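Being a predicted model, the structure only gives us computed values, none of them experimental. The chains referred to below are lettered A, B, ... by the order of the sequence lines, with proteins before strands, and numbering in each begins at 1.
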Amino acid sequence: MSPTSSPVRRQLHPPPVPASPFPYHPGSLLSASDLSLDGISHILTRATVLENQDPLTRDRILAKRRVALLFYESSTRTRTSFELAAKGLGADTTLVSSLSSSIEKGESLKDTGLTLRALGAEAIILRHNSSGAAWLLEAETRLPVLNAGDGMHEHPTQALLDLRTILAHLRPGTEAVNAETLAGVTVSIAGDILHSRVARSNMLLLPRLGARVLLCGPKELLPDLAAKAGPGIAIERDFEAALPQSQAVMMLRIQAERLAGLQLDLEEYKASYQLTGQRLARHAPAAIVLHPGPIIRGLEVTAGVADGPQSVILEQVRNGVAIRMAVVERALLAETGNGGRA
Amino acid sequence: MTALVIRGGHLIDPAAGVDAAKDILLKDGRVAEIAAPGKLKSANGAEVLDATGLTVTPGLVDIHVHLREPGQGYKETIATGTAAAAAGGFTAVAAMPNTLPVNDSPEITRWMQAPERGASIRVFPIAAATRGSKGEAINDYAALKSAGAVAVTDDGHPILKDSVMREVLAAAARVGLSVIQHAEDTRLTQFAGGVASMNLGPVSFRLGLRGMPAEAESGLVERDIRLVTELRDTRAHLHVAHISTAAAVAAVRQARRNGLRVTCEVAPHHFLLSEEHVGLYDTNAKMNPPLRSAADRVAMIEAILDGVVDAIATDHAPHAVHEKEVEFENAPNGITGLETALGLCLRWLHGEWKMPLGRVLSLLSAQPAALLGMKGRGTLIVGSFADAVIFDPKAEWTYRAHETRSKSRNTPFDGWTMQGKVRWTVAEGRVVYSNPAES
């Protein structure tokens, strides 16, 4: 066999990657990147309207509609706020969690989803420990699926509530967003980026509004290739160099449950990346401090910072209910040819 | 006494250097005579296959398939797997030992070849290199070879210990068996909390999936080549299964320059698809080794074109539908491949990337047969086995997974356009697949 002798290197064009069929349902929210800028604006606008609406009229919007919460992982904020959001619009909710259901007996995600659909669920809010689970559930049920966190992948409603929080402080009064809304804003995300679905959703969402996302963390928790995840993303391993550039600082917990044998020197980690009152005062005295929770006080942030004047952590939680009302409403009122209310 | 004439076709037999119109007489399972069109001397009374306008070539040989028997008949049986192989133009397959139980004994090796299995083509078992594929105690290679095994491997449980791999290579060389390694340093791909499920890179980061670094493959290939170098005088043969990374191919290329007996195979999905094809968690794009980077994919094509690759092998790995309809991380590795290999190779290697047809067919028959010492296969010279595939090189068709003869349909090539339609597959003189053109 002689080698090919062609002097011109031939073009080895590959077969094309097929277009994604997701989301199947226009009411689904699987990824932060599923939303257009108009779609984001709509959710932000509706969040404000619904938040301000009289609860006695608001609960007619989805009166007696059925929403299932399917949770394979523990959750306080996300579960409660989705539940309060759906109930606030008048929907009936039911919670299925992995520890008190047939999931324990080995029922698959597909069968669990089909069962919930047969029981009349019109939308499913899913928290799952495997990346991509929300896509599987949507493909199998064709219901609107709201991704409430899939493994290490995405948590789009968290990114939306973070956005609402950031806008309230840096661009007060803004609801209709465009590609320049956050121009000139740098948001630093610090900590365990590798295992964080919050980081991934924010990395996809914020740059589309013009923000720059600066990722901070040690190599074990922040591989170099994270910078290639999308436009507007850069890595700055020196936390104290990132802070002065930032108008918002998002601190992340080290996800001990996902470290998979990785050994970390926590003292060393804290020395480099803990957000202390001193660090904040010296390097970012005007920035807001966000944290998606749960907080491990004394590890990624000190108690003083978590409770301090720059912290907007509890505002984030409050914004979660408003954003999730808008997202649940969108799920059940989206125009659709299939999978809607029978 | 059965006789069959393949008349009017164009014979391409790369091993024999034939590329011409020929009539072929098959008799008693062997090639009896080859002659210019209309010139066969002793074809009277034979059944005739009219191959006018068709290409006739030695039956294809796939040296890497999983037939799932014994033990996992719900995924595939030897009967269904070989039926799918016949439909794809294959007349011989080498079956991997990761069955239940593992094929680490002459008894299982013989059981797989028994007529009761209902194979429509020839099955060559590949036996486990170590007992239970646990990477410790070495099996009795002489006994396995006399039972019909053509190579040894621990396949999905790569042999990591240097001392064991050295002994495996030396022991196999003593009895003239090849050692096949699924090159994956599992210390880099398996973690306390789970197993990596795709190639490590920007896509795995974006999808939140743990990744398998390219070094897990290339590092083990380099280690194995080092061992073969040490054993140079023994004529040890290392065959790298389903090679997928540019770095591993570079190591094989260098080993060959150094005169070592190191060979490799590439699967169609590794020269056609890249990690982007995982899309949004398509479990039919999950296999091991995983779909790699775009640069790795191009390196596979270049290695095929420049002759470093010795065989196209499918790594046909059937799994039941319910096993693939799960979370990506929980889905088993593997895709089917026997029915799509020829159509994809003709369309892409020959059609798009202009590899001469004879070379493409050689990678699918003559070279893999020679690689594992399958005597009388991979060629149609007089006296060899009457293994042939007759296909229409001009026919374009669409592959439909639900029409498969396999028990499983886990393929990323559902709906893909294929080039070259198999009309007949003949195995040891019997027509084992036929799909004549509608007239």
Original post:
So which of B:S274, B:G208, B:G279 has the biggest tally of heavy-atom pairs under 4.5 Å with chain A?
Top reply: B:G208

Original post:
Measuring from B:L207:CG to A:W135:CH2, what's the distance to the nearest 0.5 Å?
Top reply: 8.5 Å

Original post:
How many angstroms lie between CG in A:L136 and CZ in B:F328, if you round to the nearest 0.5 Å?
Top reply: 12.0 Å

**OP:** Name the member of A:M203, A:K110, A:E140, A:R200 that forms the most heavy-atom pairs with chain B at distances under 4.5 Å.
**Re:** A:R200

**OP:** Find the distance between CG (A:N129) and CD (B:E329) and round it off to the nearest 0.5 Å.
**Re:** 7.5 Å

Original post:
Roughly how far apart are B:L280 CG and A:S20 OG, rounded to 0.5 Å?
Top reply: 4.5 Å

Subject >> Pick from A:R197, A:M152, A:H153 with the largest number of heavy-atom pairs that fall under 4.5 Å of chain B >> reply: A:H153

Subject >> chain A contact via B:D282 - side chain, backbone, both or neither, heavy atoms under 4.5 Å >> reply: neither

Original post:
Where does A:P223 contact chain B at under 4.5 Å (heavy atoms): side chain, backbone, both or neither?
Top reply: side chain

**OP:** Determine, stepwise, if the pair B:E327 / A:L109 fulfils side chain to side chain contact (heavy atoms under 4.5 Å, CB included).
**Re:** CA-CA 8 Å; B:E327 300 84 350; A:L109 179 59; 3.6 Å; yes

Original post:
Do you know which two heavy atoms are closest between B:H277 and A:P16, and how far apart they sit?
Top reply: NE2-O, 3.5 Å

**OP:** State, with a plain yes or no, whether a side-chain heavy atom of B:R210 is found less than 4.5 Å away from one of A:S131.
**Re:** no

Original post:
Less than 4.5 Å apart, any side-chain heavy atom of A:E154 and any of B:R206?
Top reply: no

Original post:
Among B:W416, B:F271, B:Y281, who wins on heavy-atom pairs under 4.5 Å with chain A?
Top reply: B:Y281

Subject >> chain B contact via A:L194 - side chain, backbone, both or neither, heavy atoms under 4.5 Å >> reply: both

**OP:** For residues B:F205 and A:I193, determine if any side-chain heavy atom of one lies less than 4.5 Å from a side-chain heavy atom of the other.
**Re:** yes

Original post:
Side chain, backbone, both or neither: which part of A:D224 has an atom under 4.5 Å from a heavy atom of chain B?
Top reply: neither

